[in-house]
Each structure stands twice: as C-alpha cells, then as structure tokens.
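The structure appears below as structure tokens.
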Amino acid sequence: MKIIIVGGVAGGATAAARIRRLDEQAEIIVFERSGYISYANCGLPYYIGGVIEDPEELTLQTPESFFSRFRVKMKVHHEVIALHPERKCVSVRNLENGETFEEGYDKLLLSPGAKPTQPRLPGIGLEKMFTLRTVEDTFRIKDYIVQNHPKSAVLAGGGFIGLELAENLRELGMEVTIVQRPKQLMNPFDADMASFIHSEMRKHGVRLALGHTVEGFEERDGGIEILLKDEAPLHADMVVLAIGVTPDTALAQEAGLELGIKGSILVNDRMETSVPDIFAVGDAVQVKHAVSGQDALISLAGPANKQGRIAADNICGGDSRYSGSQGSSVIKIFDLTAAVTGLNERNARAAGIETGKVILSPMSHAGYYPGGKLMTMKVLFEKETYRLLGAQIVGYEGVDKRIDVLAAAIHAQLKATELRELDLAYAPPYSSAKDPVNMAGFMIENIEKGILKQFHPEDVADLPRDGSITLLDVRTPGEFQNGHIDGFINIPVDDLREHLGELEKGKPVYVMCQSGLRSYIACRILSGNGFDCKNLSGGYRFYASLMHDRRLTETAAPCGMDH
C-alpha cells in the first residue's frame with residue numbers, strides 16, 4: 001500500500017508515524033512545502049522573545065530523523081499543486097529546482113493546515129508587515145528585530161498568537177499595541193472573563209485599541225501607518241497580522257471535494273472526505289463541536305494530532321472515530337494563566353441552549369498555606385438538564401489543573417451537579433479539601449435545589465432604584481467605602497441578624513459581597529427569616545472588573561490609551 005500525505009506538522013506527521021507503527025510494509029511519502037516537517041508551532045512567539053534560545057529546539061523531527069526511525073520519505077520544499085482523484089495521483093513541484101512530477105497513491109491524506117487570514121486592504125504586503133504561522137515566518141520576524149531594533153509594533157488581532165507575541169515583544173522592550181474590530185481579546189472567552197485578560201495586558205504596558213476597524217496600511221517616516229476608520233492612524237516600526245487563520249483548501253476545492261464552513265474540507269467521523277480513498281485532518285477540516293453538535297472550525301494542535309491518528313487507523317483497515325472537538329485551550333499572559341473548554345456563554349445561547357452559570361473566586365490552594373493565589377472560574381450548564389457545557393478560568397496557579405478536570409468531566413458527560421462528587425487530590429500546597437471544581441458543583445447543586453438564587457452583573461443596571469426592592473451590600477464598611485454599586489445599602493453579614501428589622505419583609509432582597517460567598521451566607525440568613533433573596537454572581541470584584549474594563553475600552557482613543 002502506498003500512502004501520500006500532503007503537509008506535515010501535527011496532523012500529517014502524526015499520521016505518518018502511526019501508519020508505520022500499524023503497517024511495516026506500507027510506502028509512505030510526505031510532501032511538505034516548507035523546510036520543516038514537524039515543528040513546535042505554539043513555541044514560535046517564545047523564540048522571537050528569546051525564551052527559547054536555540055532555533056533547533058523548535059524542530060521536533062527532521063526529515064533524516066523521521067526516515068531513520070520510521071522509514072517515511074519526508075520531501076520538504078515540495079508543494080503538491082494538484083490532486084487527480086480519478087487517476088489516484090498528485091502533481092508535485094520541487095520548490096528547489098522548479099521541476100514538476102506526478103506521484104501515484106493508494107490512499108491520500110490531506111493535512112494542509114490553515115494560512116493566516118489576509119484581509120484585502122490597501123498596503124497589505126509592505127516590507128515591515130509580517131504574519132506568524134511557520135518557522136520561516138518566525139525567523140523572518142526575529143531577523144528583522146535583530147537587524148533593525150524596532151521600538152514599536154502594532155499587532156492586528158487579539159487571539160492566541162497575537163497575545164503570546166505581544167508578551168514576547170514587550171519583554172524585548174518594544175511598545176506594543178493590539179488593534180482589532182471586536183471589543184474583546186480572546187474570542188473563546190466571554191467578555192466578562194476577558195476583562196481580566198485585558199487588565200493583565202494593560203498592567204504590562206500593552207495598549208489595547210479594541211473596537212477599531214483597520215482600513216489599510218501606508219509606509220511613512222521609516223515605519224508603517226495603520227489607518228483606522230474614523231480615528232487618527234497608529235504609527236509603528238513593524239506590523240504583525242494575527243487576525244486569524246483560514247483553511248488552506250484550494251487543492252481540495254479544485255479537485256472537487258465537498259467543502260464546509262469557510263471553505264473547510266468536509267469529513268465524516270472517520271476523517272474520510274467525499275472522495276473515496278482521500279482523508280483529511282487538522283486545521284483545514286470542518287468538525288463537530290463536541291458539546292453543541294454544531295459545525296465548527298477549531299485550529300488547535302491537540303485535535304489535529306488525534307485526527308491524524310484516527311485517519312491512520314482507518315487507512316490501515318481499522319475503524320476509529322473522531323467524537324468532535326471541545327476547544328480546550330490554555331494560554332500564558334505575562335503572570336496570568338487563562339484557560340477555556342467547551343462552549344462559552346455567547347456560543348451556548350447562539351446554539352439555542354438555555355444556559356445557567358456560576359462564578360466563583362477560589363484560592364489556588366488551602367488559604368492557610370502560604371502563597372495561595374486567587375482564580376476566577378465561570379462554569380456553564382444547561383438549565384433544564386444540568387448538562388455541563390463549558391468553563392473558563394483566569395488566575396495564576398492551578399488554572400490548568402482545574403480546566404483539565406472540567407474538560408474531562410464534559411467529555412464524560414457528567415452533569416454539572418456531579419462535579420461535587422469528584423474525588424480530587426488534596427494537600428495544602430496544591431488544593432483545598434473542597435477543590436474549586438467541587439465548589440462549583442456545590443453551587444450548582446444549590447441552584448438545582450432552589451437554595452441559591454442568583455442575579456448577574458448584566459442585570460445590575462436594570463434593577464429598580466425606586467424602593468420596590470432592597471439592595472444590600474454585606475461587606476465591611478471599609479470595603480464598601482473603597483467602592484460600591486449605587487443604590488446598595490451596607491450591612492455587614494456578621495451584623496445582619498441584628499438589623500433584620502430594618503428590612504421590609506415583602507420586598508425581594510438583592511445581596512452582594514466581594515466574591516459571592518458572604519452574600520450567599522447572608523441570603524441563607526434572610527431566607528431563614530422569611531425574605532426572598534438573590535445573590536450577585538461573582539460579587540463586586542467580578543462586577544467592578546467588568547465595568548472598569550468596559551469604561552477603558554469605550555473611552556480609550558487608540559493613540560493615547562490609558563493604562
């Protein structure tokens with residue numbers, strides 16, 4: 001059996017190695033147009049910033065090492081320029097000498113990946129404008145920085161690559177501005193959780209020009225002007241386009257393969273395309289979202305690796321199935337860690353799912369053990385069934401551990417209330433006896449049983465201030481004086497029982513504290529004394545972060561942003 005693989009990196013290289021492990025006799029050829037067949041894509045920004053010093057550390061396998069171990073022919077600088085399914089062959093161009101030839105196959109695996117989205121704007125392609133997707137892109141940016149010592153950079157786009165690159169350029173001492181049309185960074189997160197990410201970026205001197213439309217680029221005064229709609233232009237020594245990726249599927253389209261959203265390749269759960277004996281994996285394929293069941297594009301290394309393995313199994317006569325992508329991901333943002341899995345609130349509602357949520361601010365480990373750091377967790381569930389939908393966590397330590405537990409719980413189709421039952425490891429340096437994941441489960445169980453009723457930050461502005469309800473802040477007087485929401489009266493939770501007579505029993509009581517814990521205790525006191533009570537999810541800390549971020553985003557002009 002002869003297998004041709006178009007594209008290396010996560011999907012293609014994984015498939016090649018798996019095919020060899022399953023079939024020692026198969027002839028396997030990988031055509032890769034770049035000079036690298038297996039590299040650490042996610043490590044590229046850290047090489048630019050000098051965190052990874054040796055460029056060879058980015059290369060996981062070379063053509064020589066791959067052939068030595070797996071006897072797979074890795075043809076770098078070879079671009080497949082056409083597919084011929086009717087003749088079961090491909091046309092290939094050798095990029096080193098320009099020669100073209102045809103290569104036949106029994107099975108074909110497409111792993112072309114995605115290319116940086118290039119908007120059709122004036123000035124695209126200027127000399128000081130870059131994209132970051134391949135090792136060659138990385139060397140180009142690194143060489144430019146070393147040779148020209150730029151003092152400023154504008155990054156168009158605020159996704160994973162944009163944020164990681166922003167951090168690394170700041171560490172090099174450059175002034176960095178991120179500009180984009182959406183009003184928040186990191187689209188997988190909801191706007192309320194993204195507010196903590198924005199705060200960390202601003203704290204480290206990254207300027208955020210959110211909600212601004214880029215209309216073009218011009219060379220001026222030795223740098224580049226970034227032209228903005230209805231705003232003064234930004235000026236920088238270099239620009240990096242990081243506005244997302246587009247499936248690289250021109251070959252598939254020309255060969256008549258069925259396509260899906262944004263031109264992605266349609267595959268079934270065996271990673272088979274619409275044409276017999278042609279498989280496809282990685283960033284180029286349309287997948288099912290594992291939670292919503294909707295069609296999705298999820299460009300992450302983990303899914304690409306799994307898909308490569310599944311395609312290899314099926315090429316070799318097996319029957320492996322891909323159950324869909326959950327979108328689990330984590331990112332380091334200076335001192336902060338942010339992680340997400342499953343659906344966010346925005347996408348859950350767009351999918352027509354009635355969504356409930358809890359927001360909590362637990363410590364990364366036992367409070368009495370030194371060094372604990374606060375994290376903010378948002379856990380989403382389906383209101384009627386209590387099916388676990390997704391989670392977002394922002395914090396410093398232990399974030400990756402909790403998101404992985406929640407990702408596994410979603411995959412195992414646990415109910416959100418069952419999080420309380422998980423038997424998780426505890427020692428004071430690592431966790432609490434009631435782990436944050438368990439705490440989320442306890443809170444959701446309380447909602448299910450009617451013990452906890454909530455209102456949310458987005459409800460606060462619409463609460464009547466006409467005396468028809470009681471607005472109660474149960475923090476200490478000092479906390480209240482340092483910042484509070486208009487219309488709320490202050491009675492500390494520990495004094496509440498002595499002041500119940502001051503509250504009118506027929507009125508609903510809306511209660512808040514700093515994180516939501518003391519206000520929950522206050523609600524239990526009030527409920528036990530005949531009051532109808534609701535608790536502010538996330539507390540004042542969460543509300544204040546969101547409001548502060550919203551003010552900065554709405555009022556900051558791109559050229560003079562507040563830090």
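- Under the 3.5 Å distance criterion, the side-chain polar atoms of Thr553 are left unmatched by any main-chain donor or acceptor of Arg550.
- Remark: side-chain polar atoms of Thr14 are not paired, donor with acceptor, to backbone N or O of Gly11 under 3.5 angstrom.
- Judged by distance alone, with hydrogens and angles left aside, the side-chain atoms of Asn148 form a donor-acceptor pair with the main-chain N or O of Tyr144 at under 3.5 Å.
- If you check the side chains of Thr376 and Arg541, you find a donor sitting under 3.5 Å from an acceptor.
- In summary, the aromatic rings of Phe196 and Phe189 are positioned with their centroids too far apart to meet the 6.0 Å limit.
- Side chain of Gln180 to backbone of Gly211: no donor-acceptor contact under 3.5 angstrom is found.
- A donor-acceptor distance shorter than 3.5 angstrom exists from the side chain of Asp435 to the backbone of Val437, with no hydrogens or angles considered.
- Taking the six-membered ring for Trp, His484 and Phe480 have ring centres closer than 6.0 Å.
- A distance-only check finds no donor-acceptor pair linking the side chain of Asn168 to the backbone of Tyr47 [under 3.5 Å].
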Set out, in order, the CA-CA distance, both residues' side-chain angles and the distance that settles side-chain hydrogen bond (donor to acceptor under 3.5 Å, both in side chains) for Ser34 and Thr134, then state yes or no. CA-CA 8 Å; Ser34 78; Thr134 66; over 6 Å; no
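- A donor-acceptor pair under 3.5 Å is formed between the side chain of Gln184 and the backbone N or O of Met186.
- Using a distance-only test at 3.5 Å, with no hydrogens or angles considered, a donor-acceptor pair links the side chain of Glu32 to the main chain of Gly8.
- Listed for the Thr249 side chain is a donor-acceptor partner under 3.5 Å among the backbone atoms of Gly263.
- Of all the heavy atoms in Ala153 and Leu169, the pair that sits closest is CB-CD1, 3.9 Å.
- No more than 12 heavy atoms of other residues, nucleotides or ligands lie within 6.0 Å of NZ in Lys151, so this atom counts as exposed by the packing criterion.
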For the pair Ser537 and Gln454, evaluate side-chain hydrogen bond (donor to acceptor under 3.5 Å, both in side chains) and give the outcome as yes or no after the intermediate values. CA-CA 6 Å; Ser537 65; Gln454 299 186 113; 4.7 Å; no
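- Counting heavy-atom neighbours within 6.0 Å of Asp486 CG, excluding the residue itself, gives a total of 12 or less.
- Put simply, the side chain of His289 gets close to the backbone of Val291: a donor and an acceptor are under 3.5 Å apart.
- Judged purely by distance below 3.5 Å, without hydrogens or angles, the side chains of Glu345 and Thr355 never pair a donor atom with an acceptor atom.
- Using a 3.5 Å distance cut-off with no hydrogens or angles, the side chains of Ser361 and Ser515 do not pair a donor with an acceptor.
- There is a side-chain donor-acceptor pair under 3.5 Å between Gln392 and Asp190.
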